[in-house]
Every structure is written in C-alpha cells, then in structure tokens.
Amino acid sequence: MIRRTTVREALESSPLGSPVTIPGWVRSNRASSGVAFLAVNDGSTFGNLQVVLDRSLFDEATIASASVGTCVEVAGTLVESSGAGQSREVKASGLRILGPCDQSYPLQPKRHGMEFLRTIPHLRPRTNTFSAVFRMRHRLAMSIHEFFDSRGFFYVHPPLVTSSDCEGAGETFQVTTLPLDGVPLKDGEVDYSRDFFRRRAYLTVSAQLEAEPLALALGGVYTFGPIFRAEPSDTRVHAAEFWMIEPEAAFMDLDDDIALIEAFVKHMAGTVRDRCGEEIEFLTKFVEPGLPGRYASLLDSGFARVTYTEAARILRDAGTGRAAPLEWGQKPSSEQERFLAEEVFARPVFVTDYPASFKPFYMRLNDDGRTVACTDLLAPGVGEIVGGSQREERRDVLESRASQQGLDPAIYGWYFDLRRWGSAPHSGFGLGFERMLMYLSGMKNIRDVLPFPRTFGSMA
RNA sequence: UCCCCGGUAGCUCAAUCGGCAGAGCGGGUGGCUGUUAACCACUAGGUUCGAGGUUCAAGUCCUCGCCGGGGAGCCA
C-alpha cells in the first residue's frame with residue numbers, strides 16, 4: 001500500500017515544509033534548461049499540483065519520460081510557490097514512473113471535440129471537463145441522500161426486473177433466458193411458462209408503482225437507481241440506461257408535493273454550487289457561459305406556478321409571440337414549454353392540473369372531472385425536469401380510469417389492492433438524474449454526463 | 001422513426017468559381033535560468049469515410065452505402 005498525499009490535501013491542508021509522496025497523472029510537462037515543471041492531477045480535486053524538478057538533480061531522460069498521461073509518483077517537499085499561477089508547489093527530490101505513457105496517448109494538453117472523446121470513454125475521465133462532471137455527479141448523488149434522509153424519507157430498492165411495463169412510460173427491454181433461435185411455442189404463441197420467471201419479464205422503466213406500496217407502509221420513501229428504456233429516441237437528452245429519483249409519500253397532496261420538489265431542487269443546486277466551485281468555474285468558462293445564471297434562477301427566487309388552463313390562456317394571449325397558441329386538451333410542445341419558462345416567467349415554473357386525457361391512469365382525478373392533480377416543473381433552457389402527481393387513492397375511480405386506458409386488471413391487481421385495504425392520499429414525483437446533472441454542469445449531451453453511455457444504436 | 005447538417009494529418013480545423021492538400025496542437029531533433037494548455041527553430045506525418053459516376057481536371061459536383069452530430073416526435 002502506497003502511503004500517499006492527495007493533490008487535494010497538498011493544495012489545501014498539508015503543512016508547508018512537510019515531506020510528501022504524491023502519485024498522479026501528468027497533465028503537462030514544461031522543461032527549460034534549468035528547471036522542469038510537471039502539472040500532476042490525481043482526480044481528488046479539480047486543480048493540478050505543480051511539481052518543480054531541478055535539472056541538476058534529474059537527468060534529461062527521466063524528465064522526458066514523464067510525458068503527458070504518464071502515471072508518476074513524486075516525492076518531495078511542499079513549498080510556497082514563487083510562480084503566479086498557484087500558491088503551493090512540490091519541490092521534487094524523487095520521481096518514479098509508475099505507468100509509462102508513450103506518444104500514442106490520444107489526449108493532448110489542448111481542447112478536444114466531444115465526439116472524439118466519446119470514442120474513448122475509458123480515457124476521457126482524465127480530461128478537465130469529464131473529471132469535473134463526474135465529481136459533480138457524485139456530489140449531486142450525495143445531495144439527494146442528504147435531502148431525503150434529513151426529512152425522514154427512507155431509501156428503498158425496488159426491483160430492476162419487473163412484470164409490468166408501467167403504463168406509457170416507454171418501451172421496455174424484455175428479459176429472457178429463452179433461446180432466441182428456438183423459442184418454445186404453445187398454441188402458436190411464445191410459451192413464457194418455460195421462461196426463467198415462468199412469465200414475461202422486463203427491465204424497469206419506472207420504480208413508481210413499486211414505490212407506492214412502500215410509501216403506504218413506511219410513510220415517505222425515495223428510490224434512486226437505474227432505469228431502462230428501449231425507445232428509439234436518438235436525441236441529446238435520451239439514454240437507454242439512465243438514473244432516476246422517484247420519491248413517494250403518504251399523506252401528501254399535490255401542494256405538499258410541489259413544495260417538496262422546490263425544496264429538493266434548491267437543495268441539489270445549492271449543494272453543488274457550494275461544493276463544486278472550481279468545477280462550475282471551469283465549466284462556465286469552457287462549456288456553458290450561462291451556468292451562473294442557471295444557479296441564480298434556481299436558488300435566488302421562488303418558482304412560479306400556473307395551471308395548465310392558465311398556461312393555455314397565456315399562450316393564446318401571447319398570440320403573435322414566439323410560441324403557437326395552445327388549444328385546451330392538447331399537449332404543450334417543447335417550444336411552448338420553453339416559452340413559458342424562459343419568457344413568460346423567466347424562472348422555473350410548475351404547470352399543474354393537466355387534462356386527464358393525456359396523463360396516466362394513476363394520477364388523481366380533480367373534482368372538475370377533466371383534469372388531474374399533477375405537475376411538471378419547467379426550467380429555462382431545458383424544459384421539463386420533474387414530473388409528479390397526487391396518486392388516485394379511490395379504488396373505483398382508479399379502476400375505471402385503468403380500464404378506460406385498456407390496462408389488464410390481472411397485472412395491476414396488487415396495485416388496486418392498495419386502494420382496497422387502508423388506502424391513503426399520497427403523492428410523488430420523478431426526476432431524471434442525468435437531466436439535472438446536464439442542467440447543473442452545462443453539458444449539452446446526456447452521453448457526456450454518463451461514464452459509459454448506452455443510447456439507441458450505440459454502446460461505445 | 002422522420003427531417004437537416006457533417007466526415008480533410010494522431011487531435012482541432014482551413015482549402016475562393018471544380019485547378020499543385022495547408023496551419024496550429026501532438027510526435028521527433030535541437031535551443032532556452034521559474035514555466036502556467038510555456039516559448040523559439042527545424043523536421044516527419046495524407047487511400048481527403050467507402051464504392052461508383054460526371055469532367056481535360058473532383059476534398060469540392062451527382063448516386064448509393066457507412067459513420068457521426070443537430071432538430072422533431074416521445075419522454076426523464
């Protein structure tokens with residue numbers, strides 16, 4: 001075991017004058033006749049550690065061998081830097097090559113295109129941009145657990161293999177051990193009784209249906225795990241495998257749900273802003289200049305709230321404006337959603353009470369009989385980031401809406417049972433983890449916030 | 001799935017109306033007394049995505065294919 005000092009410790013906390021041993025990867029190697037400088041990064045923090053090599057102590061070949069990408073272990077003393085770019089540096093007494101790196105190494109100390117970096121997912125975490133994104137990803141994930149834990153929500157783990165396709169949430173990947181070149185048939189149909197689970201099985205497209213029974217026992221719960229969707233959506237915001245947060249809580253109505261969403265989004269943004277300052281600074285400079293404005297819009301004011309019906313009126317009255325009018329009963333287009341968030345309200349806005357006609361059966365029917373108690377949170381620059389609703393707790397209403405939408409009661413029997421015995425008002429929402437990370441990092445393609453993205457037609 | 005755009009050196013990109021295929025970075029060699037994606041000089045490096053076609057002449061125009069990107073729909 002190497003007893004090491006991290007770059008983060010060396011830059012922030014280790015006492016000056018102390019001897020240190022620091023392993024890391026060379027980001028740049030600048031040699032002049034009397035002295036050579038290595039920029040060493042170990043991923044523990046955004047910044048590099050400057051290592052100073054006196055050329056009277058190190059020969060030409062040793063210095064040259066520490067080329068960009070090489071894994072080195074530097075021994076030396078932590079000292080105050082006389083240069084302008086950093087306050088501390090290491091005066092080296094030893095340099096060991098742990099992992100040599102020849103000139104075929106694809107990463108250079110220069111800007112690369114995202115498309116090229118996607119072809120080397122195993123190396124791109126060594127770039128400034130991707131190491132920043134993945135540290136931010138960690139911080140965001142941790143902030144989710146902090147938030148719900150502090151509010152008494154329990155972290156639950158619904159199955160990834162399910163029997164239902166969660167109505168309308170998307171195309172499923174089927175899970176089977178049946179041989180594809182000789183599927184067993186019975187009466188001309190596939191004989192699923194001979195499949196692994198003795199029935200059809202899918203990868204989950206949403207954990208919500210399984211979260212509800214847990215919420216109706218534990219009170220407040222949340223899930224945070226992978227979701228799989230087989231939709232052939234070839235866009236910058238869709239992945240076949242992504243992560244979703246789905247809180248669900250008993251005794252919570254739509255107003256409570258909306259308050260929870262707002263507090264949650266603010267907590268995530270606030271934590272990342274507080275803890276990822278260097279990452280945000282870098283990403284603002286090289287990826288998305290509008291990043292500070294995004295944090296401000298999330299953190300510095302309350303979110304707006306309108307009903308779908310009011311939004312349709314606004315879009316109609318805006319008339320000659322950028323977005324087309326919305327006829328009541330139609331789904332808003334992404335252009336209309338962006339118009340509301342960016343121009344009408346200029347901050348995140350909750351749109352509530354959509355028509356029941358294009359929403360799933362489990363959303364609670366309002367007293368008007370034509371809208372449901374749901375909300376989408378629309379953010380400037382991206383559109384929808386959260387979708388939630390109060391769930392239909394009345395057994396008769398739920399069953400009639402399910403049958404209207406043509407669902408098989410046999411599959412959803414247990415879901416109806418929740419309303420049969422001890423039903424309770426409850427609500428929840430879903431938030432796409434990568435979409436949130438894209439918003440907070442400024443990355444423009446979902447493939448660039450996932451370490452190894454799986455998207456339609458591509459598994460690099 | 002539909003629509004649009006693109007593919008030139010290892011990488012990032014130029015190349016006028018169809019007329020000798022270039023630069024920066026990276027690599028190699030040499031230089032420089034503290035550099036900040038160091039700098040200076042020299043140098044090597046090309047099946048212009050592939051297959052056809054038009055033309056005296058194609059990176060450039062046409063057809064097909066492959067790959068990549070963006071948008072729409074759908075969603076998270």
Side-chain angles (χ1 to χ4, degrees), chain A residues 26-39 41 47-56 60 63-64 67-69 79 81-86 89 91 101-120 123 127-129 166 168-171 205-208 226-246 282 285-286 331-335 337 358-360 376-379 382-388 429-439 444-450 455-458 460:
Chain A
V26 175
R27 286 288 184 83
S28 76
N29 179 333
R30 300 181 296 272
S32 57
S33 68
V35 65
F37 299 93
L38 301 182
N41 186 286
N48 300 325
L49 180 67
Q50 171 153 287
V51 175
V52 186
L53 301 158
D54 184 333
R55 295 189 71 165
S56 63
E60 189 87 26
I63 289 169
S67 57
V68 173
V79 297
S81 179
S82 56
Q86 59 286 314
E89 64 191 18
K91 194 169 172 52
C101 183
D102 69 23
Q103 68 276 12
S104 61
Y105 184 58
L107 297 175
Q108 299 169 21
K110 59 164 278 192
R111 198 161 189 177
H112 291 284
M114 289 295 163
E115 297 174 27
F116 168 67
L117 293 170
R118 276 173 216 151
T119 68
I120 48 170
L123 296 174
T127 64
N128 282 329
T129 300
C166 198
E171 295 295 311
V205 292
S206 166
Q208 181 200 316
I227 295 293
F228 305 89
R229 295 201 182 166
E231 296 196 3
S233 315
D234 199 359
T235 82
R236 66 187 182 86
V237 293
H238 288 88
E241 178 180 335
F242 63 98
W243 286 56
M244 193 149 74
I245 299 100
E246 295 183 272
F282 176 83
K285 201 168 158 192
F286 287 97
K331 281 188 195 187
S333 68
S334 50
E335 187 194 24
E337 290 181 344
F358 60 77
K359 288 293 184 181
D376 285 353
L377 177 61
L378 310 178
V382 279
E384 182 186 341
I385 56 176
V386 181
F429 64 90
L431 179 142
F433 182 62
E434 283 79 13
R435 295 262 177 98
M436 190 69 200
L437 182 56
M438 287 172 71
Y439 195 60
K444 289 163 187 65
N445 194 307
I446 198 168
R447 294 176 177 102
D448 301 327
V449 296
L450 284 154
T455 56
F456 175 58
S458 159

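Residue numbering restarts at 1 for every chain, and letters A, B, ... go by the order of the sequence lines. Here the structure is a predicted model, which means the values were calculated and not measured.
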Verify the contact: side-chain N or O of [X] to OP1 or OP2 of [N], cut-off strictly under 4.0 Å; return yes or no.
| X | N | value |
| --- | --- | --- |
| A/Thr235 | B/G73 | no |
| A/Arg30 | B/A38 | yes |
| A/Asn29 | B/U35 | no |

In whole angstrom, give me the gap between the [atom1] atoms of [N] and [M].
| N | M | atom1 | result |
| --- | --- | --- | --- |
| B/G73 | B/C3 | P | 16 Å |
| B/A21 | B/C25 | P | 24 Å |
| B/C64 | B/C2 | P | 15 Å |
| B/G30 | B/G69 | P | 42 Å |
| B/G26 | B/A37 | P | 12 Å |

Report yes if a donor N or O on one partner sits less than 3.5 Å from an acceptor N or O on the other, where the partners are the side chain of [X] and the base of [N]; otherwise report no.
| X | N | value |
| --- | --- | --- |
| A/Glu115 | B/G6 | no |
| A/His238 | B/C75 | yes |
| A/Glu231 | B/U1 | no |
| A/Gln108 | B/U12 | no |

Checklist entry - Does any nucleotide pair with B/C42 by Watson-Crick or G-U wobble geometry, both distances under 3.5 Å, and what is it? => result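 Pairing partner: B/G28.
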
Checklist outcome for this item: Side-chain atoms of A/Arg447 come closest, of B/G70, B/U1, B/G34, to B/G70

